[in-house]
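Computed from a predicted model, the values in this text were never measured in an experiment. In what follows, chains carry the letters A, B, and so on, assigned in the order in which the sequence lines appear, proteins first and then strands, with residues in each chain numbered from 1.
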Amino acid sequence: MDSILAASSTLDSVKHFINVACEPHWFLIISVLAFFIFLIGYRTWTKPIVAGTVSALATLFFLASCADTNFAKIVTKADNVPIVIMMVTVSFLLWLAFRQAAINDERMEKGEPLIEAGADDKVLVWPDLVYSELIALVLCTALLIVWAIILRAPLEQPADPNVAPNPAKAPWYFLGLQEMLVYFDPWLAGVVFPGLIIVGLLAIPYIDKNPRGNGYYTFKERKFAITTFLFGFVILWVVLIIFGTFLRGPNWNFFGPYEFWDPHRPAALLNTEFHDLFWVNTLGRPLPGHYLIRELPGIVLLGAYFMLGPVIMKWLFFRKISRDIGFIRYSVLCVLILFMLLMPIKMVLRWTLNLHYIVGITEWFLNV
Amino acid sequence: MAKKQLITKVWIEEGCIVCDACETAAPEVFEVMDDTCVIRPDALNAEFTKPRSEGIVDAAEECPVDVIKFDSDTVEVADEAPTEPAAAPATETQTAPSPAKKAPAAEPKKAAPQKAPASVGKTKAPSAGEPDPSIQALLEAATSRGGNAGIMRNSTEVPTSAQGWRATDVDNLPPDARQAKVVEAAQKAKKQSALHRRDFVSNSAVAIGWTAFGVGTGISIGPAFGRFMMPNVLEEPDPRIRVGKITRYMEMAPGDVNEDYKPQGIWMIRDEDRIAALNIICTHLGCIPNWQPNDRKFKCPCHGSGYYSDGINFEGPTPRPLERFKITIKDGIVIVDKSKKYQYELGQWDQPGSYILV
Ligand code: SF4
Ligand code: FES
């Protein structure tokens, strides 16, 4: 009896520990760390034996966690199953790409031909390609039929314009956007940022004219490009989808994976404004009357971020790149990167300081 | 036995009108530049042009001014199975393109140089181990330029067709591609554009005329058209809603919220000294928040905005407080007018009509 009790209390403390680690700021920090640890040691991490062990452990952890009712309820919800699958596929495809990159990089160092060197990667459309497509088609259809039978599409009560489900979640592919809307005003998070994401992706071929890595896998030759892209994709999109799917509960509060989704759980989220922090808390004065003076510190801060950011980045690590790609391309690159980094910066500020706005000209709807 | 043309040399005579037809028909062979069309350097090689004979003949036929000329060998091919080329291919220079045989472009000589030579009288379906010469020819044609990936794998430089063109010896180019011709064509084009300048003036007069006409018509019938797009009868519920006797609201304690009229989009609230009607729509993105009596706040399920019972926002992303509706009393009955809203950040909550004093 005692041992059972002791075991359950250790189990509880483990769960508690994981719940805490899944608080958003820890989760973000841990995933960023994991991301860079993976990239630095990609040759080791992608070795089949290492990757196999890691994924076996992850599966074991996942299955064991399903013994917890709250966890099982979230991951087996019909809406959320695709996200579980997405996590698996994203990890697998990342592994696949980095594995080949690791092999190629090693071969390059030894002066051996690359994996792709033999031009026999050409296959005939008929029969090779058409056959594979046919098989894929049959398998997908079968999978979808089984899926549709086992996991019923969730039907809810008739829609009522005066009641929103709690939590009200966007479709999974928009959860990243919905998460952005928590930190920025709708005109920014709903219009400017999505627009910048698209424009930024379109701009990549104009900013980056380096032909290395075309047609073959490599990481060593394209460290910066691959890291930047994956940071945006994995950390700022996939992780946000995971937040939205598994960690956002009633009232759009964060809940740990083993936590009960209690709509009445108290949450102290009282907003602070940057102008209050500056004028009242630091200088100990009342807020200036005119909004421009009131918001001056925030405006200066943001201005410095965008004006000095490129210069500082150049000193720190972009010396060669900025010389290679020229002033205009470098400026565009910096603006895109700075906008991208604004996202995690504001997120962390919100989670730690409850910061509402850096610049909050509510009179004009100009809030950042 | 059928005759097949195999192109050994192709060139372009003067008079190209830059219509792009040839590049569409045989992109590997022709390159249409700004003022003339040239043969790509790769295509100066008979081994390159032979498998593409069909495309070249098509291009020659399609050229509207018939300036594409070629030399060709004619070989005999069995109707079904390719054979060794005829012993002495007849060389002829064609001055006018002739219709080509639409037989598969098989080039037996090049077909399988390293592998089994094509044997006479082979059947249509080649057995395993003996590659089908027509497929081999196609494959070789597809790989002879290396493919993009193939080129980049082995070198850091990316050769473009322009670089290749420049590197080729001018004397080996077909006559029309020589720089002199290009320059000549360019000068001709320049002269012509000078001639066109006079047209330009009259053209712009026409354009201005039509624009003016369009704008005038738009202004005169635009509003009528706009009205036409609107419904003739607009069925909108009366924005004025009767929410019951004033006495029931007088009984509320400060900070209380009455949710009876939420289906009509209204929360009746009691502030310190006044009664007001809140709009239930979240000012962030328009979800419907929930009143949480335990926490005494409205909490939005979409992005977590929170409002105090008087509608002031204090948590989450929303930029401003909930809106209030116009509220009046008539014969002891409270009437909320949803068509008139009062916004806190504009200082409107103190305007008469936005509240009833207790
Ligand atoms: S088809 Fe004839 S006229 Fe047209 S681009 Fe080719 S060569 Fe010139
Ligand atoms: S719509 Fe209410 S918080 Fe976004």
Which bit of Arg248(A) is near chain B, if near means a heavy-atom gap under 4.5 Å: side chain, backbone, both or neither?
neither

Count the heavy-atom pairs under 4.5 Å between each of His264(A), Lys169(A), Glu179(A), Gln178(A) and chain B, then report the option with the highest count.
Gln178(A)

Considering only heavy atoms and a distance below 4.5 Å, find which of His284(B), Arg320(B), Lys262(B) pairs most often with chain A.
His284(B)

Please report the interatomic distance NE2(His303(B)) to OH(Tyr183(A)), rounded to the nearest 0.5 Å.
11.0 Å

If you count every heavy atom of other residues, nucleotides or ligands that lies below 6.0 Å from Phe224(A) atom CZ, does the total exceed 12?
yes

Which pair of non-hydrogen atoms, one from Ile288(B) and one from Asn162(A), has the smallest distance, and what is that distance?
CG2-O, 3.2 Å

Check whether Tyr357(A) gets within reach of chain B through its side chain, its backbone, both or neither, counting any heavy atom under 4.5 Å.
side chain

CH2-SG distance between Trp252(A) and Cys302(B), expressed to the nearest 0.5 angstrom:
8.0 Å

Top contributor to chain B interface from Val182(A), Asn251(A), Asn166(A), Asn354(A) [non-hydrogen pairs under 4.5 Å]
Asn251(A)

Nearest heavy-atom approach of Asn271(A) to Gly316(B) is ND2-O, 3.0 Å

Is it the side chain or the backbone of Pro167(A) that comes within 4.5 Å of chain B heavy atoms, both, or neither?
both

Turns out that what part of Pro165(A) lies under 4.5 Å from chain B's heavy atoms comes down to backbone

If you count every heavy atom of other residues, nucleotides or ligands that lies below 6.0 Å from Arg242(B) atom CZ, does the total exceed 12?
no

Under 4.5 Å from a heavy atom of chain A, the part of Tyr308(B) involved
side chain

Nearest atoms (heavy-atom pairs only) where His356(A) meets Thr318(B)
NE2-O, 3.1 Å

